[in-house]
Amino acid sequence: MQRIGVFVCHCGTNIAATVDVKAVAEALGHEPGVVISQDYQYMCSESGQNLVKNAIKEHKLTGIVICSCSPRMHENTFRKAAAAAGLNPYLVEIANIREQCSWIHKDIATATEKAVILGRAAVAKVHLNAPLTAGESPVVKRALVIGGGIAGIQTALDIAEAGFDVDIVEKKPTIGGKMAQIDKTFPTLDCAACILTPKMVEASQNEHITIHSFSEVTEVKGFVGNFTVKIKKKARFVDETKCTGCGLCTEKCPMKKVPNEFNMGLDNRSAVYIPFAQAVPKVATIDPNYCMMLKSGKCGVCSKVCSVGAIDYKQQDRFIEQQYGAIVVATGFDPIKLDQYDEFAYNQCPDVVTSLELERLMNAAGPNGGTLLRPSDKSHPHTIVFVQCVGSRCDDSKGKPYCSKICCMYTAKHAMLIREKYPDTEVYVFYIDVRTPGKNFDEFYRRAVEQYNVHYIKGMVGKVTPKSDGKIDVQASDLLANEQLHINADMVVLAAAIEPDKTARPLATMLTTQMDTNDFFTEAHPKLRPVESATAGIFLSGACQGPKDIPETVAQASAAAAKAIGLLCKNSITCNPCVAHSDELMCNGCSSCEKVCPYGAITYIDKEFRMPDRTTKVRRVASVNPAVCQGCGACTVACPSGAMDLNGFSNRQIMAEVDAICK
Amino acid sequence: MNKNIKEQVLRSSGVNVLKCMRCGKCSATCPSYDEMEYHPHQFVYMVEKGDIEKLMKSESLYKCLTCFACVDRCPRNVEPAKVVEAVRLAAVRQQGGNRLTPDMIPDMLDDDLPQQAIVTALRKYAK
Amino acid sequence: MQVNDNKDFQPLIVAFCCNWCSYAGADLSGTNRLNYPTNVKIIRVPCSCRVNPMFILRAFQRGADGVILCGCHPGDCHYTSGNYFTRRRMTLLFSMLDFLGIERDRTRVEWVSAAEGAKFAATMNEFTEAVRKLGPNRRLEDLRCRKQ
Amino acid sequence: MQKAMIERAKQLLADGTVKRVIGWKRGEFAYDITPAVFETADELDRDFVFDDFTAANVSKYLVKESRKEGKVLAFLKPCDTYSLNQLTKEHRVDRDNIYVIGVPGGPKLDIEKIKAKGITGITNVRNENYTIKVETIYGTEELPFYEAIMDKCASCKSKKHVTYDELMGEEGDVLDSNRFDMVEKLENMTSQERYDFWRSELSKCIRCNACRNVCPACTCENCVFDNPKSGIDNKAPADSFEENMFHIIRAFHVAGRCTDCGECSRVCPQHIPLHLLNRKFIKDINSLYGEYQAGADTTSKAPLNEYTTDDCEASIVHERGVE
């Protein structure tokens, strides 16, 4: 038999002025199961709470209803009071008779009547409340950062700074990512390598950071605080522990005709290679697609010249498994492929390059040692045309619907650097809009126009035609002058849209995190939780969440680290007990609930049931992980059999409220 | 030739046309807009491109009231009216003659025209 | 054509409000003392996607004259996707009720954010008025539950 | 065809490929045919039928049969294969434990339509070149085949088998059907007219649960209407509301999952056009969220388990059709 206590608050005159609180207490006192019904000036005050606590003890209450302000205000207060008096905190219900009654109504009679109905609904609900205990799950004090670009490095450094172990998994032979390929950074024009490489070194030397380069995540199991991750360490045919990075093998390797991906294929490297001088780890890697020893068994030069015997042609992929409490995704971006843009002649003409290729062409460590020369004939270009929004803001199948965000600024940077270094060069920039929101960004762009006299022309390039004399005809529109232009250019630079790295989509599936249609990871809340994914324990860092420049990436990386540290600091996580649960006897195993769960909290198990005739039957049934479930209830409606229900807001509780209101 | 005129216009106006960010506020604020073939923002842009001859031939030069609304409201202090003025000056100088002579005045008079405008017009359109 | 506009009829309105946006929006209209009729009784749910069509039918069965569902604006759901499911479910359910000849104005979905106290009050005023015009729910009631 | 099917079934039983066969067997009357499971060649020879009355969709029986020891052979008509795919998608059957032979679909005959012609005392019905010879105790009567076909066959959506391990007879195509005509007609009525229509139909419901029990989408271990814990359980409609409630909730539970096999209306002893409720959902889904055919594949997400951020608002109901 339920013994329910009702406590009606006056809230000074806030409630009592329009609601006859005594009448409410009196009326609710007659509800079934109610053994005590009282009113008091301020229920939330210490004496008010004591009143509740004493009543719980004195009347051995099995549930309480507080008729007061919004539960958003004081639900926790009364739950704590109940717990202090030995009553399960989830046996407390609040009837909101202030915000949703006394404050909006003027007539005392009708307001009182409504307050009674709201109280009655709460009593009806509390009859069906079950005591709930918040579960706890332990937190493994180690973080995983997927991606070793500037985002991943910054996140790892910050987490390590807080004293937690952190692993970086990078699919390339070195960390550094896109920033390592960039020449200068806007808007300050400092050299990217000068600010990035010290961070890479710091990461490699930090005792808390382990770098798994040339590695990939292949499997993720578990949930917040306790992920189990399988990492594939791809065979690089060089023993990382022995290699000193002296580079002798790369010099002696006879196979020197391998397109150098670090320089965007603009020059060649050897089959055994170190991507760039400041690579971390500075360890050679053998490319099995080109190494003659691995392909045909004939060569072995590198093995002979290596003084420490690090070359190991028999090396296999290795798998390691590790537990993590938190995972930070920092998979970054790539420029899109421009194969489909015939109008820009990217595939036909070597002097039509992407902006990232231009970065390499201008970089002191690039293919031309920092002198800007045309890839085709190594001549100095005199007229350069930049085309913005190539593949960005496109609704067609070739491009991306979003703004890639960074192109306006890096194009201004390129234009400015070229005009600075080669004042005899005419530089044209064709733009649809120039977007420069950011500190010192617009000033930077204006400097390109006003100080460096870069010709910014509003309009798009429609056709790029390589000519027989080696020049390039650029046909474009000048929308402000309302005319079509032809520019006789030496080079064309395309600001290709950026897209999330191709590895992100399979990774999202492994992590059960959400992605948008463009394959950017979706944040838990676009405004208030921008660095968390909707899946607890998974955080987002850098351009994997959306196009970002370096300062934004670093800011987000540190924010993601702070969130991860917040999680790792805890010894265990308290779970919200108002989570879904499935009645195995009724579950059909149809997977509807799993499909609507935004958190991947539902898995299926084969469960053995004992049948009335003593046989057993194995059936697939849903199982909710209470540590992952956030309690939205989407699954409860998707479930046709009604097997799925939500603690604290069960079908029967809500229907009891409906019934009480409609009585 | 073109380059010389451009330099002359830039020097005599004292305007840095590169400062223009093409917002169009000058034209948006111009009371003579409907009368003009080339509008204030086009003056700035065409001067930047060195495309000045078209401007010099255009009636637009004489539609500018020199009210300076564009100068006042330009968010980047480009001062388009000064550009118009400078192009006009270039045109007047090149033609070697006067746009306006005193004997043309009586036909143009009407009761609402302030005396000062006539004097100004003579100053502006004659050597 | 109904001549009587049911001026004296007091409809019973059940409003399901999601905890994070609409319930907070309702609280805000209280904090700002924005009136709406006492006919509206609010039931708090964690998310609009918690509302099962059964609850809505149940309310009509027990004598509600109108049922309104309020949730976060699309894209703002606390649980990222809940209200998108709500939108599909309720579109189909309401279309079915309409197909069965139940008056369209007895059901509604409205997105009310935690900041839209005024919108909450205005919506409730409007909805109550619309239901008042329809008169008592007769097409989807349970005679055993009819009040005398 | 029947002969070939029996032969093939016997072969598969004999070589141990399957342990059981699911098909149809004759009841008390020639037209009274029910789904049945056969375990021996003798049983097949004696009882197995496949004729103009084998309209029943046997997919649902595979929920139980496919979980038993050994493979089951199922003869499935095109419409039945959609149901099987849907059940496979929902993990309700063990597809690996089923050997599907696709057999040609209808049109199948509706005995009620023959009886409606005033023909009584029927002993046998034969189809001779699309003329039906009805043998009765009073003699033989004739009528054109297409005057007596099942409603669900008259608006057939597809003659294509969407899943099978082996095919007997010709493969057909997805058809352009007129299946939404009646839904549209109702949509164009006034609200009051629709209400009156459905009251007159649904008030006939005797809650025999035949629609639910035959429905291949209604395979819940424990139906909410039988489950006292659900809060909406009821066994018999005591009030018009409960008639509505049962059918609305049932239609909603199968929305996006119903393959439109038409079994609900076929088995309704009161001849309530229940399939119209399901078709209304299908039509809405098609028009609002894009064409979707439940059971056409085993991987796509059901429309109600999915969304796009620019879905229409629920207020679209107000903007369409007749008030």
Side-chain angles (χ1 to χ4, degrees), chain A residues 124-125 128 130 401 514-518 522 526 581-598 602-609 611 615-622 634-645 650-659 662, chain D residues 60 63-69 85-95 97 212 215-234 241 245 248-258 281 294-295 298-310:
Chain A
K125 186 179 180 194
L128 298 165
Q514 293 177 321
M515 284 192 135
D516 62 21
T517 49
N518 299 314
T522 308
H581 62 92
S582 151
D583 183 334
E584 290 167 343
L585 287 174
M586 287 196 286
C587 175
N588 301 329
C590 73
S591 287
S592 280
C593 50
E594 179 202 21
K595 299 225 166 71
V596 299
C597 179
I602 300 170
T603 50
Y604 288 86
I605 48 170
D606 284 323
K607 175 129 183 154
E608 204 170 285
F609 290 91
M611 305 305 287
T615 57
T616 58
K617 182 166 128 181
V618 176
R619 239 181 45 228
R620 173 190 150 92
V621 292
C635 53
T636 61
V637 185
C639 178
S641 69
M644 202 53 97
D645 211 345
S650 69
N651 286 334
R652 292 188 57 208
Q653 281 176 307
I654 295 175
M655 277 195 267
E657 281 183 273
V658 170
D659 292 357
C662 297
Chain D
K60 183 173 183 173
V63 174
K64 280 218 169 73
E65 291 303 325
S66 74
R67 288 190 189 150
K68 291 183 183 163
E69 175 66 33
N85 252 0
Q86 184 65 22
L87 289 165
T88 307
K89 186 199 288 188
E90 294 175 4
H91 308 276
R92 298 296 291 148
V93 294
D94 181 359
R95 180 67 181 82
N97 212 24
R212 183 190 78 187
C215 175
C218 271
T219 64
C220 282
E221 297 291 324
N222 194 346
C223 175
V224 286
F225 289 102
D226 292 342
N227 176 9
K229 279 200 269 180
S230 75
I232 57 161
D233 62 309
N234 70 55
F241 174 83
M245 172 89 164
I248 296 171
I249 293 291
R250 208 187 80 75
F252 190 82
H253 278 182
V254 301
R257 303 166 53 229
C258 167
F281 274 135
T298 56
T299 48
S300 61
K301 267 191 177 182
L304 273 170
N305 291 343
E306 217 188 8
Y307 62 85
T308 64
T309 50
D310 49 7

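Every chain is numbered from 1 and lettered A, B, ... according to where its sequence line falls, protein lines coming before strand lines.
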Measure across D:Val224 and A:Ser641 and return the closest heavy-atom pair with its distance rounded to 0.1 Å.
-> CG1-O, 3.4 Å
Closest non-hydrogen contact found for D:Glu221 with A:Leu585 is CB-O, 4.0 Å
Just give me the residue among [options] that pairs up with chain D most often, heavy atom to heavy atom, under 4.5 Å.
options: A:Gly642, A:Gly589, A:Ser592, A:Cys587; result: A:Ser592
options: A:Val596, A:Asp516, A:Val618, A:Thr517; result: A:Val596
options: A:Arg620, A:Met655, A:Arg652; result: A:Arg620

Side chain to side chain, [X] and [Y], heavy atoms closer than 4.5 Å:
X: A:Pro640; Y: D:Arg257; value: yes
X: D:Arg92; Y: A:Asn588; value: yes
X: A:Ser591; Y: D:His91; value: yes

Should we count NZ of A:Lys595 as having more than 12 external heavy atoms under 6.0 Å?
-> yes
Proximal component of A:Cys593, with respect to chain D [non-hydrogen, under 4.5 Å] |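 For A:Cys593, neither part sits under 4.5 Å from chain D.
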salt_bridge(D:Lys229, A:Asp583) N-O dist < 4.0 Å |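 Yes, D:Lys229 and A:Asp583 are salt-bridged.
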Contacting moiety of D:Thr309, where chain A heavy atoms sit under 4.5 Å |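 Interface part for D:Thr309: neither.
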Which value, rounded to the nearest 0.5 Å, describes the distance between D:Leu87 atom CG and A:Cys590 atom SG?
-> 11.0 Å
